[in-house]
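So the structure is just underneath, and the comments pick up after that.
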There are 2 protein chains.
Amino acid sequence: MPLPQQAENTELLEQALAALAEEAPERIDALLAGLHAAQVADLLESLPPEARTQLWERIAPGAKGDVLIEAHGEVRRQLIDESGPEELVEAVRRLDLDALSDIYDELPAGVVEAALRAMDAQRRSRFQTVRRYPDDVAGGLMDVDALTVRPDVNLHLVLDYLRRYRLELGRLPAHTDAVMVVGLDDRYVGRLPLADLASLPLERKVQEVMDREAAAIPADTPAGRVARTFEDRDLVSAAVVDEDGRVIGRITVDDVVDVIREEAEHSVLAGAGLDEEVDTFAPALESVRYRALWLGVHLLGVLVGAWVISHFAAAIDQLVALAVLMPVVASMGGVAGTQSLALVIRGLALEQVREGNRWRLLKKELAVGALNGLTWALAVGLIGSLWFDNAKLGAVFGVALIANLLAGVALGTVVPLALHRLRIDPALAGGVILIAFTDAFGFFVFLGLGALLLV
Amino acid sequence: MPLPQQAENTELLEQALAALAEEAPERIDALLAGLHAAQVADLLESLPPEARTQLWERIAPGAKGDVLIEAHGEVRRQLIDESGPEELVEAVRRLDLDALSDIYDELPAGVVEAALRAMDAQRRSRFQTVRRYPDDVAGGLMDVDALTVRPDVNLHLVLDYLRRYRLELGRLPAHTDAVMVVGLDDRYVGRLPLADLASLPLERKVQEVMDREAAAIPADTPAGRVARTFEDRDLVSAAVVDEDGRVIGRITVDDVVDVIREEAEHSVLAGAGLDEEVDTFAPALESVRYRALWLGVHLLGVLVGAWVISHFAAAIDQLVALAVLMPVVASMGGVAGTQSLALVIRGLALEQVREGNRWRLLKKELAVGALNGLTWALAVGLIGSLWFDNAKLGAVFGVALIANLLAGVALGTVVPLALHRLRIDPALAGGVILIAFTDAFGFFVFLGLGALLLV
């Protein structure tokens with residue numbers, strides 16, 4: 001049985017496809033009216049490109065900005081390509097500044113300039129602060145609308161300030177769960193949670209009740225580290241400070257959730273050589289570009305294995321059972337290595353695997369490989385002996401399997417550590433390298449031993 | 001260069017190892033004093049099991065509960081096993097109720113009973129509410145300490161209520177960013193954000209200013225769906241309601257972040273047959289249990305491929321080049337299939353792949369497979385022809401490659417969809433099934449064509 005909301009989504013998709021096919025704009029509009037931006041973006045991503053264009057044209061210009069932000073990579077690019085410059089300016093000019101900064105580089109140059117001209121001076125200068133940082137550090141994730149108060153005022157005054165702010169601007173910044181407390185030169189000294197403001201006597205001074213322990217995040221902190229900090233300390237928001245400790249913005253948990261989600265998608269896709277930006281429903285021709293390259297890289301790896309085999313053609317010629325069993329040796333080494341690889345990649349992401357424990361990890365993985373090797377060597381040795389009625393073949397099969405399982409776990413541990421050190425993404429490159437080696441080594445050991453001992 | 005906090009973590013690990021080796025308890029205590037629970041758990045997980053025991057003994061009993069919550073699967077079990085019953089009761093009795101519920105099943109029976117007896121009646125009854133739901137639905141994730149107010153009171157009264165609450169209990173519930181508004185029978189009617197409470201005139205009534213749009217989450221909603229709702233709507237907290245719409249708790253974003261992180265770990269590890277609970281530094285003997293099974297499952301898959309090869313022993317005997325090239329055909333099909341598999345698994349997780357677009361996706365993947373097949377068939381055909389100076393062999397090589405790439409993308413699309421329908425985790429089982437098929441089919445097509453046309 002499908003889950004309730006999934007049924008709803010499926011229905012939504014079908015309704016949208018039907019309305020688009022029948023060119024019934026009023027039904028499309030009615031459909032769109034009930035959805036929030038993330039749902040519209042989901043729907044667009046589930047549609048084929050032509051239907052996507054049709055639906056996009058029915059979305060109100062003011063609402064398009066939020067939908068663009070929620071849409072991913074290639075889909076977002078398609079939508080931008082299909083929009084006129086005035087339409088884009090209208091779509092993006094009221095966006096949160098960190099959101100605008102995220103899609104800044106994807107927008108045509110004229111659009112960005114027009115959107116900047118339409119901003120007031122304060123908003124423009126704040127935007128320039130955000131732009132100073134790349135997207136993948138705290139400074140690029142932050143909102144620049146942090147509310148700040150001085151430590152020596154009382155809570156009554158803070159409430160007054162919030163009421164005046166709201167009267168003037170209509171609302172407090174999104175996800176305000178605290179105001180930041182700043183000293184001279186806007187330097188960060190702590191934070192005052194709204195929960196305290198709403199539950200403590202109003203005569204108390206900010207400095208008596210503020211949370212001095214709450215960490216401020218340096219603007220150049222990598223996004224992954226920011227996410228770990230939020231997770232470990234269960235934060236909802238945190239101040240972002242520049243190199244002098246001045247508060248220049250704040251990060252809220254919804255931005256962090258996006259970071260974690262992207263990491264999760266990356267870990268699913270990178271192992272297959274895919275980018276998390278990739279559009280599941282992109283036309284086949286576009287998808288081929290990415291994927292052909294990855295197949296080519298793998299082909300090089302497998303050809304090394306084939307080249308190894310070719311050196312043992314004489315042995316195979318004499319004992320064809322070698323050809324039958326050699327893929328088993330090669331692929332079992334790959335599978336054992338993939339297990340070590342997955343553990344080390346997770347350990348690196350969670351920062352559990354460090355300088356101080358790498359050797360211990362390698363020793364442990366080798367022990368696991370040896371134990372698994374012994375277990376399965378007995379099994380495959382028996383299988384090989386009985387199948388081909390050749391005990392010596394079974395023994396060679398088992399010994400080669402142990403050797404390749406050991407090679408697999410050793411490489412599965414060492415390769416990601418080395419790649420991490422070289423600042424190459426182990427999730428992307430680890431698997432290809434591992435499989436190329438375990439294939440070639442598996443063939444070499446099994447056929448080599450076979451040539452020496454069996455023919 | 002290591003990142004700053006990583007250096008810090010590495011140093012921490014080294015200091016801990018040194019202090020433990022020298023049996024210097026006061027240095028260990030000084031080290032622990034500066035860390036919060038998640039950091040202590042991280043450190044414990046990075047240590048070998050014996051050092052872990054030593055460190056665990058130095059942690060204050062009252063602090064052990066939070067550390068247990070932050071520790072993962074096997075590490076947590078080790079720590080529980082090594083603690084006495086009184087120590088555990090002391091550790092868990094002040095935990096948040098949803099946290100206590102999470103580790104409930106792992107605690108010895110006597111400990112749970114003693115902890116329940118130590119609770120007052122209200123806390124015990126709330127705990128029983130949480131226990132009614134499994135861990136992986138909204139009811140199992142929720143905190144039961146939601147603050148609720150009536151819609152017909154004014155904001156002044158709400159502030160008074162919060163102040164009294166705090167005076168009595170010392171603090172508001174963690175992550176209170178809003179109070180829930182309930183009507184008769186505790187039925188959910190909306191929420192009042194603290195940001196509104198702190199910035200609107202106090203004479204206003206709750207019902208005039210409350211957010212009626214904010215969704216309440218039914219207690220039986222799966223955790224993954226809860227996470228998607230929080231992400232899409234940028235929520236910090238949401239009310240949880242029972243089947244009658246009564247507020248029985250609230251979910252806060254920190255619980256959601258844990259769900260997303262677990263999903264991310266799952267996606268890295270499941271493909272290698274590992275559980276996200278697995279301890280990276282577990283003793284080799286324990287790790288073998290999990291991993292031997294997975295190798296055995298793979299072995300069955302590869303043996304099917306070997307069995308296919310054995311039927312073509314005569315052909316290989318006559319043309320040993322077939323044995324050299326056959327692993328290339330088999331593994332390229334697996335790689336192409338893995339790409340489709342990764343895309344579909346992501347699409348299913350994000351609910352982009354649905355009833356209405358599955359056929360479109362399959363057609364597109366087949367087109368990608370055909371295009372990639374043609375490209376690389378030309379390349380490998382040429383390689384095969386030149387290498388063995390045999391144009392017919394090259395042609396068979398190329399045709400078999402196209403066939404296996406098509407089989408790979410078709411299976412990579414259909415297998416996860418079918419597994420999802422059968423409620424089997426595609427991330428866990430998809431890869432094994434795919435590789436077993438593409439290996440066997442690749443050998444069959446290439447060797448079959450070879451036997452027919454080349455020998």
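Here the structure is a predicted model, which is why all the values come from computation and not from measurement. Protein chains get the first letters and strands the later ones, always in sequence-line order, with residue 1 at the start of each.
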I need the residue from [options] with the largest number of non-hydrogen atom pairs under 4.5 Å to chain A.
| options | answer |
| --- | --- |
| B/Gln318, B/Lys363, B/Glu231 | B/Glu231 |
| B/Ala314, B/Ala272, B/Gly369 | B/Ala272 |
| B/Tyr165, B/Tyr161, B/Trp294, B/Phe312 | B/Trp294 |
| B/Pro193, B/Ala195, B/Pro173 | B/Ala195 |

With chain B as the partner, which of [options] has the greatest number of non-hydrogen pairs under 4.5 Å?
| options | answer |
| --- | --- |
| A/Leu366, A/Ile316, A/Leu299 | A/Leu299 |
| A/Val324, A/Val256, A/Leu162, A/Asp254 | A/Val324 |
| A/Gly305, A/Gly296, A/Ala367 | A/Gly296 |
| A/Ala379, A/Ala292, A/Ala38, A/Ala330 | A/Ala292 |

Minimum heavy-atom distance between [X] and [Y], given as atom pair plus value:
| X | Y | answer |
| --- | --- | --- |
| B/Ala323 | A/Met326 | O-CE, 3.3 Å |
| B/His36 | A/Asp232 | CE1-CB, 3.7 Å |
| B/Leu295 | A/Ala336 | CD2-N, 3.8 Å |
| A/Ile309 | B/Pro327 | CD1-CG, 3.6 Å |
| A/Pro48 | B/Arg360 | CD-NH1, 3.0 Å |
| A/Arg166 | B/Ser199 | CD-OG, 3.1 Å |

Below 4.5 Å from any heavy atom of chain B, which atoms of [X] appear? Answer side chain, backbone, both or neither.
| X | answer |
| --- | --- |
| A/Glu263 | side chain |
| A/Val320 | side chain |
| A/Leu17 | side chain |
| A/Val253 | side chain |
| A/Leu172 | side chain |

Check: For A/Phe230 and B/Val257, what are the C-alpha separation, side-chain angles and deciding distance, and is it a side-chain contact (heavy atoms from CB on, under 4.5 Å)?
Finding: CA-CA 9 Å; A/Phe230 267 71; B/Val257 165; over 6 Å; no
Does any heavy atom of chain A fall under 4.5 Å from the side chain of [X], the backbone, both, or neither of them?
| X | value |
| --- | --- |
| B/Trp387 | side chain |
| B/Leu343 | both |
| B/Phe443 | side chain |
| B/Glu365 | side chain |
| B/Val368 | both |
| B/Ser340 | both |
| B/Ile383 | side chain |
| B/Leu159 | both |
| B/Leu401 | neither |
| B/Leu405 | side chain |

Next item on the list: Before accepting this row, confirm whether a basic side-chain N of the pair B/Arg228/A/Asp42 lies closer than 4.0 Å to the acidic partner's carboxylate O.
Entry: yes
Next item on the list: Give a yes or no on whether a salt bridge exists between A/Asp196 and B/Arg171, defined as a side-chain N under 4.0 angstrom from a carboxylate O.
Entry: no
Which distance, rounded to the nearest 0.5 Å, do you find between the [atom1] of [X] and the [atom2] of [Y]?
| X | Y | atom1 | atom2 | result |
| --- | --- | --- | --- | --- |
| B/Arg291 | A/Thr375 | CZ | OG1 | 12.5 Å |
| A/Asp234 | B/Asp255 | CG | CG | 7.5 Å |
| A/His175 | B/Asp177 | NE2 | CG | 8.0 Å |
| A/His298 | B/Thr338 | NE2 | OG1 | 7.5 Å |
| B/Leu197 | A/Leu194 | CG | CG | 9.0 Å |
| A/Gln352 | B/Ser46 | CD | OG | 5.5 Å |

Next item on the list: Run the numbers on B/Leu200 and A/Arg163 for side-chain contact (heavy atoms from CB on, under 4.5 Å), then give the verdict.
Entry: CA-CA 6 Å; B/Leu200 284 171; A/Arg163 290 198 187 114; over 6 Å; no
Check: Among A/Val335, A/Val328, A/Val380, whose side chain to side chain contact (heavy atoms under 4.5 Å, CB included) with B/Val302 holds?
Finding: A/Val328
